[in-house]
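Data block below; observations after.
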Amino acid sequence: MAAVTRGLGATAALSSANSKKFQFTTRRSLSGRKGSFFAVESNGNPRSSLNRHNNRTRQLVTNAVATKPDSAAASTVSKPGHELLLFEALREGLEEEMDRDPHVCVMGEDVGHYGGSYKVTKGFADKYGDLRVLDTPIAENSFTGMAIGAAMTGLRPVVEGMNMGFLLLAFNQISNNCGMLHYTSGGQFKIPVVIRGPGGVGRQLGAEHSQRLESYFQSIPGIQMVACSTPYNAKGLMKAAIRSDNPVILFEHVLLYNLKERIPDEEYVLNLEEAEMVRPGEHVTILTYSRMRYHVMQAAKTLVNKGYDPEVIDIRSLKPFDLYTIGNSVKKTHRVIIVEECMRTGGIGASLTASINENFHDYLDAPIVCLSSQDVPTPYAASLEEWTVVQPAQIVAAVEQLCQ
Amino acid sequence: MAIWLSRSRKIAHFLNPKIAYFLQPEDFSYKIHVNYVNSSSFRTLSGENFRSPHAFLDNSATVSALQRRCRRPESTRAGEQVETRYSDDDYEDENQAMDFPGGRVSFTHEMKFISEAADKRIPCYRVLSDDGYLIAGSRFEQVDKETAVKMYKSMVTLQIMDNIFYEAQRQGRISFYLTSTGEEAINIAAAAALTSDDVILPQYREPGILLWRGFTLQEFANQCFGNNADYGKGKQMPIHYGSNKHNFFTISSPIATQLPQAAGVAYSLKMDKKEACVVAFTGDGGTKQFRSDGVVVKGQAYGIRSIRVDGNDALAVYSTIRAAREMVIHEQKPVLVEALSYRVGHHSTSDDSTKYRPVDEIEHWKTARSPLARFRKWVHKNGWWTDDEESELRGSIRKQLLNAIQVAEKTEKPQLAEMFSDVYDNLPSNLHEQEKSLRETIKRHRQDYPTDVPL
């Protein structure tokens with residue numbers, strides 16, 4: 001039985017017209033919903049859109065059940081929007097979905113009365129009742145299993161892991177049941193569950209509470225994984241994840257909850273499988289996600305001063321990768337640096353490197369550089385912890401070396 | 001909202017306790033322990049007084065109204081009633097007791113360890129003797145002729161189906177099978193006691209429930225052969241049935257994964273305020289690997305009402321499940337039923353159980369303790385079943401099964417595209433690519449690929 005020979009197949013499809021058409025068609029099938037709305041995608045050259053301030057216009061959604069029917073035409077440009085923090089954006093997205101669909105419910109530790117350990121569900125128990133915002137005991141395997149059972153019976157649960165690391169205890173439920181039951185039942189049972197929570201390296205939380213679970217989950221067939229990084233995409237991805245009929249794991253980051261941003265007033269939902277162009281450029285493609293986006297942008301400032309023009313893409317969709325956006329970027333710059341918080345071995349960066357090499361090998365002028373954390377448990381000491389995470393200085397150095 | 005049904009296959013002196021409360025549906029006077037009727041008021045942790053729990057049993061609207069007034073979380077509504085169990089003696093001296101979640105705990109100056117084993121094991125509820133006679137004085141839910149005959153016929157069908165499919169595996173016609181031999185009463189009697197709205201989360205030894213609910217022999221055969229008429233589209237191994245229209249969740253091999261999921265289904269039913277319950281099944285593998293008096297005693301450890309019943313007594317199982325169902329629906333609390341039984345067959349076609357248990361033990365439970373024989377005697381005695389009907393039924397079932405196998409064998413396998421479908425709701429680009437790649441490889445090396453898989 002042939003192994004997956006992605007490289008061979010993809011080479012044949014690499015002539016630009018074919019690949020664009022091919023991938024665009026399948027992307028439409030991905031994002032086409034059976035129901036009422038669809039995501040407006042970037043269907044042209046990523047550069048044609050706009051500068052980084054307006055890049056979000058491309059991701060506005062025409063929503064059949066939106067309160068303002070002409071919101072698609074009246075773009076965000078005229079609306080001032082409102083400012084909020086990332087955790088409030090998550091809350092807003094969750095609240096809008098719970099208002100919209102009575103099947104959406106939340107379960108997790110301290111989500112009810114306490115309002116969530118990161119305040120994402122603050123006030124929800126009073127508004128929706130204790131049953132719909134369910135406090136669970138400290139039993140991740142049990143309440144993740146519970147969410148799966150509830151999802152198979154028609155609910156749309158949102159499971160909050162107090163820290164992503166705790167979800168390791170629910171790995172069996174996530175892998176064997178969440179990811180598989182839709183398949184093994186021949187499509188009879190669907191599992192529209194959202195599993196979300198903070199992960200990543202915080203400030204001296206210790207090794208067990210500083211994990212990057214996206215590495216461990218990325219192989220599970222049947223699930224989707226996305227990582228949010230700004231209030232805007234946090235809200236949009238939360239809504240998209242809840243509306244998806246597939247199980248989605250939404251990775252948040254412990255240190256990003258207090259980011260402030262101005263987001264549109266009108267309703268919007270983002271595409272789960274799309275990457276975000278943060279800063280278009282010419283010299284090098286920097287792929288990143290979650291907290292590392294900010295380290296990259298900081299490095300980008302330095303790089304620009306030194307005369308470089310990096311293109312920064314927040315990949316957002318960890319499974320599957322948005323190879324369309326990424327591919328277009330690689331074809332333009334021919335150099336790739338991946339900046340991630342995962343460990344070197346088996347991380348998202350490792351998979352992404354393999355994927356880009358297989359699909360876009362001919363467009364690379366140099367080997368892909370992957371900056372990741374070392375293969376060590378995160379130390380507690382602040383100085384040591386800082387050096388397990390990729391710092392802007394390292395990113396600058398890597399770009400300089402790659403572009404010489 | 002959940003009944004947890006646990007079977008034990010251990011032999012007599014290791015009888016695994018399964019506790020069930022026998023209950024007349026007409027009156028909620030429970031025989032054992034629970035002190036509902038007497039306590040007219042009780043204190044919650046916060047010191048608020050509530051009326052007698054019976055007021056709560058009227059309808060959920062009343063309950064939620066009360067809840068909101070008294071500001072207790074809806075989700076813990078069931079939990080409150082546990083607190084009534086412990087009587088509120090008047091302790092004047094603070095040194096005699098202390099307040100603790102669940103009630104007051106009295107002190108003792110004796111250091112006494114609780115024995116790891118109780119003096120007496122939890123007794124086992126049964127109604128029919130081994131000879132099929134009703135035991136004098138037993139209280140049970142009466143079963144009418146139609147139901148009893150249907151139950152017996154289903155048990156026979158299950159037994160024959162198991163035999164024939166097992167043989168089919170031995171002949172190499174299907175790849176795997178496992179039987180429910182010895183547990184037919186649990187399968188069928190439980191199914192008969194439930195309604196079609198009740199959701200079943202099986203382990204893997206409960207096909208009798210599907211049978212009762214109308215799954216045809218052909219449908220069973222299709223799943224075992226993994227052909228394109230299988231609802232699972234050939235994606236799970238044989239006997240891993242699943243049917244959403246029969247409210248039977250698709251079986252997942254690892255043990256006990258369905259137990260937390262059952263809580264989720266119960267949660268969903270509770271939200272929908274449905275008059276239905278969920279029943280999750282598991283065997284010794286999921287529960288009884290410890291030195292306790294079976295799993296029934298764990299009920300109290302979890303604050304769950306439990307009962308031990310003779311799993312080979314169809315009438316007892318029927319009554320128990322009927323009672324348990326009423327309880328869980330009206331009280332919105334889980335119940336644990338431990339049905340003592342014996343797995344007569346091997347674990348599966350990949351197992352030879354004579355390697356770890358004596359052959360005469362197997363024989364004993366197969367013959368002297370057969371649940372079919374016992375129930376047949378009772379049905380026979382009532383004049384509801386004859387030997388002629390027996391042989392006619394057996395012959396007919398056998399023929400139907402052989403036919404079903406032939407048809408299933410000839411039915412086409414699922415198409416190649418099904419290998420990639422249902423991973424997600426729609427086919428994503430990476431899987432589309434992988435499918436394309438596979439098709440190209442097959443085209444180039446057609447002779448290396450099975451010819452019976454349609455492309």
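Proteins get letters first, then strands, A, B, ... in listed order; numbering begins at 1 in each. Computed from heavy atoms alone, side chains included, the values below leave out hydrogens, waters and symmetry copies.
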Against chain A, work out which of B/Ser243, B/Ser421, B/Pro414 has the most heavy-atom pairs shorter than 4.5 Å and name it. B/Ser243

Kindly compute the distance separating OG (A/Ser244) from CG (B/Asn426), expressed to the nearest 0.5 Å. 9.0 Å

B/His240 and A/Thr184: CA distance, side-chain angles, deciding distance, side-chain contact (heavy atoms from CB on, under 4.5 Å) verdict: CA-CA 9 Å; B/His240 286 61; A/Thr184 59; over 6 Å; no

Which answer fits A/Met107, side chain, backbone, both or neither, if we ask what part of it has an atom under 4.5 Å from a heavy atom of chain B? side chain

At a heavy-atom separation under 4.5 Å, does A/Ile223 approach chain B through its side chain, its backbone, both, or neither? backbone

Residue part contacting chain A, namely of B/Ser253, when any heavy atom lies under 4.5 Å: neither

Does any N or O in the side chain of B/Lys235 come within less than 3.5 Å of the main-chain N or O of A/Gly186, such that one atom is a donor and the other an acceptor? no

State whether the number of non-hydrogen atoms from other residues, nucleotides or ligands found under 6.0 Å of B/Leu455 atom CG is greater than 12. yes

Applying ring-ring contact (aromatic ring centres under 6.0 Å, His included), can you list everything that pairs with B/Phe248, at least two apart in sequence or on another chain? none

Write down the atom of B/Asn244, the atom of A/Gln188, and the distance for their closest heavy-atom approach. ND2-O, 2.9 Å

Whether B/Tyr267 side chain and A/Leu134 backbone form a donor-acceptor pair below 3.5 Å: no

Most chain B-contacting option - heavy-atom pairs closer than 4.5 Å, from A/Pro221, A/Cys105, A/Pro102, A/Ala125: A/Cys105

Donor-acceptor contact present, side-chain A/His182 to main-chain B/Asp422, <3.5 Å: yes

Would you compute the distance between atom CE of A/Met180 and atom OG1 of B/Thr250 and round it to the nearest 0.5 angstrom? 13.5 Å

Could you tell me which portion of A/Gln173 (side chain, backbone, both or neither) has an atom closer than 4.5 angstrom to a non-hydrogen atom of chain B? side chain

B/Pro260 and A/Ser142 have their tightest heavy-atom pair at CB-O, 3.2 Å

Out of curiosity, B/Glu418 CD to A/Tyr183 OH, how far, rounded to the nearest 0.5 Å? 9.0 Å

Give a yes or no on this: more than 12 heavy atoms of other residues, nucleotides or ligands lie within 6.0 Å of atom NZ of A/Lys122. no

Drop me the distance from A/His103's NE2 to B/Ser268's OG, to the nearest 0.5 angstrom. 8.0 Å

Pair count under 4.5 Å, heavy atoms only, with chain B: among A/Asn176, A/Ile148, A/Asn177, highest is A/Asn177

Salt bridge (charged side-chain N to carboxylate O under 4.0 Å, His left out) partners of residues 258-268 of chain B, not counting sequence neighbours, each pair once: none

What do you reckon, is CZ of B/Phe176 surrounded by more than 12 foreign heavy atoms closer than 6.0 Å? yes

Contact origin within B/Ser252 toward chain A - heavy atom pairs under 4.5 Å: side chain

Of B/Tyr424, B/Phe249, B/Tyr231, the largest count of non-hydrogen pairs under 4.5 angstrom with chain A goes to B/Tyr424

Can you check side-chain contact (heavy atoms from CB on, under 4.5 Å) on B/Met271 and A/Arg132, steps first, answer last? CA-CA 8 Å; B/Met271 272 231 208; A/Arg132 209 173 155 198; 3.7 Å; yes

Less than 4.5 Å apart, any side-chain heavy atom of A/Lys190 and any of B/Asp425? no

